[in-house]
Undergrad: 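Dumping the structure here so I can ask a few things about it.
Excluded from the calculations below are hydrogen atoms, water molecules and symmetry mates; all remaining heavy atoms, backbone and side chain alike, are included. Just follow the structure's listing: the first ligand is 1, and inside any ligand the first atom is 1.
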Amino acid sequence: MTDSQIDETHAPDRRSWIASANDTHTEFPIQNLPFGVFRQARSDRAGRIGVAIGDRIVDLAGLASHLGNDIEDAATLLTAPSLAPLMGRAPRLWQALRRALVRLLEAGSRDQGTVEPHLVAMADAEMLLPARPGGFIDFFASIQHATNAGSLFRPTAPLLPNYKYVPIGYNGRASTIRVDGTGVRRPNGQRLRPGEESPTFGPSLRLDYEMELGIFLGGASTVGEPVAIADAWQHIFGVCLLNDWSARDIQAWEYQPLGPFLGKSFATTISPWIVTAEALKPFRVAASARPSGDPAPLPHLLDPADQAGGGIDIQVSAWLHAAGAAPARLGSASAAGLYWTPAQMVAHQTSNGCNLEAGDLYGTGTISGDGAQALGSLLEITRGGASPLALSNGDSRTFLRDGDELVLTARCERQGFAPIGFGACRGTILPALDI
Ligand code: MN
C-alpha cells in the first residue's frame, strides 16, 4: 500500500460535530469509523448495522434512506441484521460509504440535524456478532509463536520444514464464534495427564488464550479460480480482535496426525467493531523482512506491492483481570512482525481453487514478537506451565482459572495520523459442566 492511497478521509486534523470523537483518548475518531451490529438495550429488535464514533453509534439502518444517493442498494445493504451483504460488495462501494459518512459526521456538516436522531449511546447498546462467518480459518503466521509453541510440543523439531513455504492454517469451527463479553465455558475433554499412560475425560486443566487478529473477508470468489495475490486486498473488508481459546491438554493429546480439533472448537471470541481496510491504510507497512538464508516465497505468494506495503502495524495487547489482583498486561506485539501477510493468506487459501465467501473469517494465529513481553499465549509466557506468572496480589497463574477475564485491545499509531483503536475483546472463564 502506497501513501497515494491515503485520502481525505484519513486527514488527521478533521474533527467531528460529535464532541467525544475529538477526545484525544478516543479509539473511534472520525478517521476510524469501524462497522458493527448492535441492538439497543431493553429492546428485542434484531441487530442493526452501526458505525462507532466517539462514544456514540451511528445507526446506519436509520440513515439508509439518506445514503441512497451515494451508495447503490443502500437500503438493502444497510438494513440487514449482518454486515455480510455489505462485505459481499466491492471495495469501491466500501470507499464511497466511508466518504459519505465522513461528510455526514465532520464538523460543520450541514447534515448534523439529519444524523442526530440516529445516534445511539454505546452505553445503551448491546453489541452482536458483526457477521456469522460461513468459514473460519486459523493461520499460524507468527514465526516466533510457531517456534515457541513448537519447542514445547516438539522439542527436537520446533519449526517444521514447511513453515517458511506455506502459510500454515487449519479449518476452524465457525458455529462457536462469539462476540466480546460472552462467557467461555471451560471445556471437558480427553487429556493425558503427566505420568499417566492413558487419558481421562474431564475439565481442561491447561486452558489458554491466543492473542490474534481476525480478518473479515469480502467480495466472494469463484470455486476453481484462485485469487491472485495482487488482488487479495479487494477481498479484505476489515480487521477485528480475536481470541482463539485453546485447551492445551486436549490439544496436545488429539492434534496428531490431523491437527487441532476439540482443543480449539469450543469457543472463539471476537471484538464487535470491524476496523475497515480503508481505515487501516495509513498503518500499512512493508511485509516483515525475512532473515537472510530464509527462502523467498514461491511466486504465487510473492508480489512486489505486498512486500512493500502488505503488513499492518497494529499493536495488540492482552490483559488478565483476575479477581483480587490488578490487571496484568500479559504481552503486547505488532502484527507488522508476522511472517505472512493477509494477502499471502488469501492467495494461499484460494490457490487450490477453494473459494472464499463474504463474511468468512481468518485468524492470523497467535501474535508473538521478540522478547518475554511480546508473547501472545500463556503456553509461551509460562513455558508450558513450568514458570508460573506472578500476579500483584501474590497469586500466580500457569493457565486460566475459572473467573479469570482475558481482555484483548489494539491500537494503530503513526506520526502525522490520528491514532485509532479496536475496542475490546473480553471473555470470562466459566466453570466446566459436571461430568
Ligand atoms: Mn490460534
Undergrad: Once salt bridge (charged side-chain N to carboxylate O under 4.0 Å, His left out) is applied, what residue pairs with a partner in residues 318-331 remain, sequence neighbours excluded?
TA: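 Those involving residues 318-331 do not exist here.
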
Undergrad: Excluding waters, which protein N, O or S atoms are within less than 2.8 Å of the Mn ion (ligand 1)?
TA: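 Metal shell, protein only: Asp138 OD2, Glu210 OE1, Glu212 OE2, Asp244 OD2.
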
Undergrad: Using the test side-chain contact (heavy atoms from CB on, under 4.5 Å), find all partners of Val316 that sit at least two apart in sequence or belong to another chain.
TA: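 Listed in chain order: Met211, Leu213, Leu241, Ile314, Ile367, Ala410.
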
Undergrad: Parallel, tilted or perpendicular: which fits the ring planes of Tyr339 and Tyr163, with parallel below 30° and perpendicular above 60°?
TA: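 Because their plane-to-plane angle lies in the 30° to 60° range, the rings of Tyr339 and Tyr163 count as tilted.
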
Undergrad: Could you tell me whether Phe237 and Trp94 have their ring centroids closer than 6.0 angstrom?
TA: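 Yes, the ring centres sit under 6.0 Å apart.
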
Undergrad: Taking ring pair (Phe, Tyr, Trp, His ring centres under 6.0 Å) as the definition, give me every residue that meets it alongside Trp253, ordered by chain and number, with sequence neighbours left out.
TA: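 Ring pair (Phe, Tyr, Trp, His ring centres under 6.0 Å) list for Trp253, sorted by chain: empty.
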
Undergrad: Any side-chain heavy atom of Gln349 sitting closer than 4.5 Å to one from Tyr362?
TA: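 When only atoms from C-beta onward are counted, Tyr362 and Gln349 do touch, with a gap below 4.5 Å.
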
